[in-house]
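Notes follow the structure.
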Amino acid sequence: MAKIVIDQEKITDPQALLELCPFDALEWDNDYLSINAACKMCKMCVKKGPAGVFTFIEDEVVIIDKSQWQGIVVYVDHMDGNIHPVTLELIGKAKELAAKVNYPVYCLFMGYNIADKAQELLQYGVDEVFVYDDEELKHFRIEPYAAVFEEFISKVKPSIALVGGTTVGRSLAPRMAARFRTGLTADCTVLDVAENTDLAQIRPAFGGNIMAHIVTPNTRPQFATVRYKVFSPAEKTSSPTGKVTVCTIPKASLVSQIRVLQVKPKEKVKSIEDAEVIVVAGGGIKSSKDMEMLQVLADKLGGMVATTRPLIEAGFADPRLQIGLSGRTVKPKLIITCGVSGAVQFVAGMDSSENIIAINTDENAPIFNVAHYGIIGDLYKIVPDLIERLSSNHE
Amino acid sequence: MNIIVCIKQVPGTSEVEVDQETGVLKREGIDSKMNPYDLFAIETAIKIKEENSAKVSVISMGPPQAAEIIREAYMMGVDEGALISDRVFGGADVLATSYTISQGVQKFGQYDLIICGKQTTDGDTAQVGPELAEFLKIPHIANVKKIVEVKEHSIIVDMDMPHAVQTVEVNYPCLITVEKDINQPRLPSFKRKMATKNQAIPIYSFNDFIDQNENNYGINGSPTRVIRIFSPEANNDREMWKDTPGVLVDRLVNKLKELKYV
Ligand SMILES: Cc1cc2nc3c(=O)[nH]c(=O)nc-3n(C[C@H](O)[C@H](O)[C@H](O)COP(=O)(O)OP(=O)(O)OC[C@H]3O[C@@H](n4cnc5c(N)ncnc54)[C@H](O)[C@@H]3O)c2cc1C
Ligand SMILES: Nc1ncnc2c1ncn2[C@@H]1O[C@H](COP(=O)(O)O)[C@@H](O)[C@H]1O
């Protein structure tokens, strides 16, 4: 059993101890210091507190036999057989990880009338594509999809399962993690694998300006979701060697309490994920009408305008234009941020852009840590001037 | 009809940061508020209650001070509530959190519909809802953007997908997670505030649960471990430009030419 134990005898300055916890989980009353349910086990009290007051104790846990779990599976996200590009990005990452620990890479592909598409996946160097093709899987419904995933995991025993952070992936991955009572890390921005096959999962954490390295040390499979555009897609190989395995599952396992009544395609709007140039409006933008100025700049550069979260909350733009952890991930050739501070949650959604230009009045703004070109200045002076120069340039 | 809404207290404006020199996590401001996404979940439940007859309960897992948001929910029109709180639950990851809530939900007796927010602003995983549904062995629909019809034995909802809207009917008991913008959450009313001032907020602790194995809760029940926290690294081959606006614009135009955008 793991816990933080407090040696009440060694407490000299309780008020100072309360300050140690960033989450307010320490309580002092009746001469007794205790930890409440707000504790996030960041262990700051253990690390930074006076010697001996806080001790972290983790009892011996039964170590599972990790060698029973082999390989990396990528869940194939698709709609009517049209494979979502995040799948190829996950295959690319899976191959990189697999090479380090000598694992095979699998794809799990479920749906209806999809068998012919499976061959396509082999071109990306996948070792084996497991196909479950059944009319009951035509539309995404959680119980049948989860049943297939469960059946696959029980049969193949993959060590790592990578799932795209799409609507379907974000529904399916948590269900599977709970079913196997294992860990799931959402929206990883960096993935690596250790020699002992533990997946190193890195993502922004605790709602703050910090990153956390998370592992799932004692359960398998290790589930992670990753959003679109975080990794680079797998390259095609000239000589695919993998194979397609068609699997079946008893109809009785595919029952559902859900009936799909209608699927209405949405109007296609150009999304910021597809833009080559993006101009980002941040909190430095004072009013919604100033968005027009950035739109003009974006038009001049043949790009789109996107924003940070506070502007979405203020109603300055459509939520689909938000970049970041709770918005979209973008990877354009050029991104110009205007009045953006550069919080980790924002940066997580754009830091693999090819050229990052940041305009900010505050030279200590964290955005300058990721920018290739950091411009310390007032966007209200720079942007209008820039627009004018670009206009005269064209003439 | 019985509806349970899951709500969480999250840090207000405060943000946690790592002190570069000492490596200590710093907190700035310690005010808390209801997870904004959960307001939409509460509003969805109250709307259903107004149009059909239903009892709405809220449940939250958190430290004792999280009782504040249950009081807020009462003021919005929620009938009952309970707080799940115990130090045994500290350090819980998504799995342990969902499992603990699933134990708490069972204390409410029979239910038809559970409503969760889309995500929290601190955990931000959007996973607790689906994991909770799995532990309760009920179906779930995530990303619900519209309640189309509430029937006696089922509910019809619109689920938002990237390129389509899927209209589905799901039988009770089930769980849905609702999108922000599904409705406009009402403000707590003064009348309700007065009326519910003395309404109790029961607290469920470990001892109240059916599963009495401590290893399923808190950090023990959490398969994931945070092994390191750090500030994002700075990019070292960057250029910083500090100059008069005129010069800055010149340099910027030159750079855009070099990158072939002009
Ligand atoms: C769980 C979680 C998820 C989140 N997800 C996201 C997300 O997906 N996307 C997101 O963006 N945020 C997200 N956030 C919020 C994030 O932490 C920051 O609060 C947010 O990114 C800040 O936005 P900003 O930089 O636009 O605004 P601010 O932090 O207000 O920064 C404004 C900046 O503009 C500069 N400035 C002001 N005036 C001018 C001027 N005239 N000229 C030039 N510069 C100027 C200031 O120096 C400042 O640096 C999330 C937070 C949490 C806790
Ligand atoms: N501690 C909690 N207590 C009650 N409900 C919660 C808790 N954590 C998460 N939830 C619910 O699960 C949703 C998704 O949370 P998350 O997975 O943290 O993004 C929230 O909007 C809440 O409805």
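Residue numbers start from 1 in every chain, and the chains themselves are labelled A, B, ... in the order their sequence lines are given, proteins ahead of strands.
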Can you tell me which portion of [X] sits under 4.5 Å from chain A's heavy atoms? Options are side chain, backbone, both or neither.
{"X": "I227(B)", "answer": "both"}
{"X": "Y172(B)", "answer": "neither"}
{"X": "K118(B)", "answer": "neither"}
{"X": "Q65(B)", "answer": "side chain"}
{"X": "T125(B)", "answer": "both"}
{"X": "D93(B)", "answer": "neither"}
{"X": "M61(B)", "answer": "neither"}
{"X": "A133(B)", "answer": "both"}
{"X": "I138(B)", "answer": "backbone"}
{"X": "D158(B)", "answer": "neither"}

Heavy atoms, side chains only, cut-off 4.5 Å: are [X] and [Y] in contact?
{"X": "E131(B)", "Y": "L184(A)", "answer": "yes"}
{"X": "H163(B)", "Y": "K268(A)", "answer": "yes"}
{"X": "R251(B)", "Y": "Y373(A)", "answer": "no"}
{"X": "N216(B)", "Y": "R181(A)", "answer": "yes"}
{"X": "L256(B)", "Y": "R389(A)", "answer": "no"}
{"X": "I229(B)", "Y": "K43(A)", "answer": "no"}

Output for pair (R170(A) CZ, N143(B) CG), nearest 0.5 Å, gives 8.0 Å

Taken to the nearest 0.5 Å, the spacing of T166(A) OG1 from M161(B) CE works out to 8.0 Å

Review point. With distance as the sole test, does R238(B) use its side chain to make a donor-acceptor pair with the main-chain N or O of G374(A) at under 3.5 Å?
Key: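 No, the answer is negative, given that no donor and acceptor are paired below the 3.5 Å cut-off.
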
message = Checking the side chain of Q166(B) only, and the main-chain atoms of F140(A) only, is there a donor and an acceptor separated by less than 3.5 Å?
response = yes

Pick from P162(B), A96(B), S154(B) with the largest number of heavy-atom pairs that fall under 4.5 Å of chain A:
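Most heavy-atom pairs under 4.5 Å with chain A: P162(B).
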
### Choice from I219(B), L132(B), L248(B) maximising heavy atom contacts with chain A below 4.5 Å
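Ranked by heavy-atom pairs under 4.5 Å with chain A, first place is I219(B).
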
Heavy atoms of P130(B) and S171(A) approach each other most closely as CB-O, 3.9 Å

Residues R309(A) and Y37(B): closest non-hydrogen pair is NH1-OH, 4.4 Å

Turns out that what part of V168(A) lies under 4.5 Å from chain B's heavy atoms comes down to side chain

Max heavy-atom pairs within cutoff under 4.5 Å with chain B, candidates I142(A), V260(A), I214(A), V215(A), goes to V215(A)

- Should D160(B) and K266(A) count as an ion pair when the cut-off is N to O under 4.0 Å?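 Between K266(A) and D160(B) there is a salt bridge, with a charged N closer than 4.0 Å to a carboxylate O.
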
